[in-house]
Colleague: 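This is the structure, below, for whatever I ask next.
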Amino acid sequence: MYSHTKKVGSIGRYGPRVGRKVRMAMRKIEDKTREANKCKSCGKPKIRRESAGIWKCRACGVTFTGGAHLPVTERR
Ligand SMILES: [Zn+2]
């Protein structure tokens with residue numbers, strides 16, 4: 001299927017708005033959000049983002065809190 005956002009991916013919804021650098025940074029994070037994340041409880045890569053900071057495993061059903069865009073946040 002042809003996609004008009006082939007080149008820019010998830011941030012295609014912003015069109016020409018917002019600077020390129022900023023859009024690329026957002027894309028990097030959004031791509032990670034949709035990546036298969038591993039479940040802490042069963043180890044399967046079935047974690048889906050329910051809403052900001054809430055993650056659910058589609059294999060074992062556990063719901064847990066995490067980062068807004070990533071299930072695990074890095075400590076610096
Ligand atoms: Zn699980």
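The chain is numbered in sequence order, starting from 1. When a ligand or atom number is given, it counts from 1 through the structure's own listing order.
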Colleague: Check whether Trp55 reaches the backbone of Gly67 with its side chain - one donor and one acceptor, N or O, closer than 3.5 Å.
Modeller: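 A pair under 3.5 Å: yes.
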
Colleague: Hydrophobic clusters here meaning ILVMFWY residues chained together by side-chain heavy-atom distances under 4.5 Å, can you tell me if Met24 and Tyr14 are in one?
Modeller: yes

Colleague: Before accepting this row, confirm whether a basic side-chain N of the pair Arg49/Glu30 lies closer than 4.0 Å to the acidic partner's carboxylate O.
Modeller: no

Colleague: Sequence neighbours left out, what passes side-chain contact (heavy atoms from CB on, under 4.5 Å) with Arg48? Give chain and number order.
Modeller: Arg58

Colleague: For the CD1 atom of Ile11 and the CZ atom of Arg20, what is their distance to the nearest 0.5 Å?
Modeller: 7.5 Å

Colleague: Hey, any chance Met26 and Val8 share a hydrophobic cluster, counting ILVMFWY side chains that come within less than 4.5 Å of each other, even indirectly?
Modeller: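 Same cluster.
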
Colleague: What protein N, O or S atoms come within a distance below 2.8 Å of the Zn ion (ligand 1), ordered by chain and number?
Modeller: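 N, O, S partners closer than 2.8 Å: Cys39 SG, Cys42 SG, Cys57 SG, Cys60 SG.
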
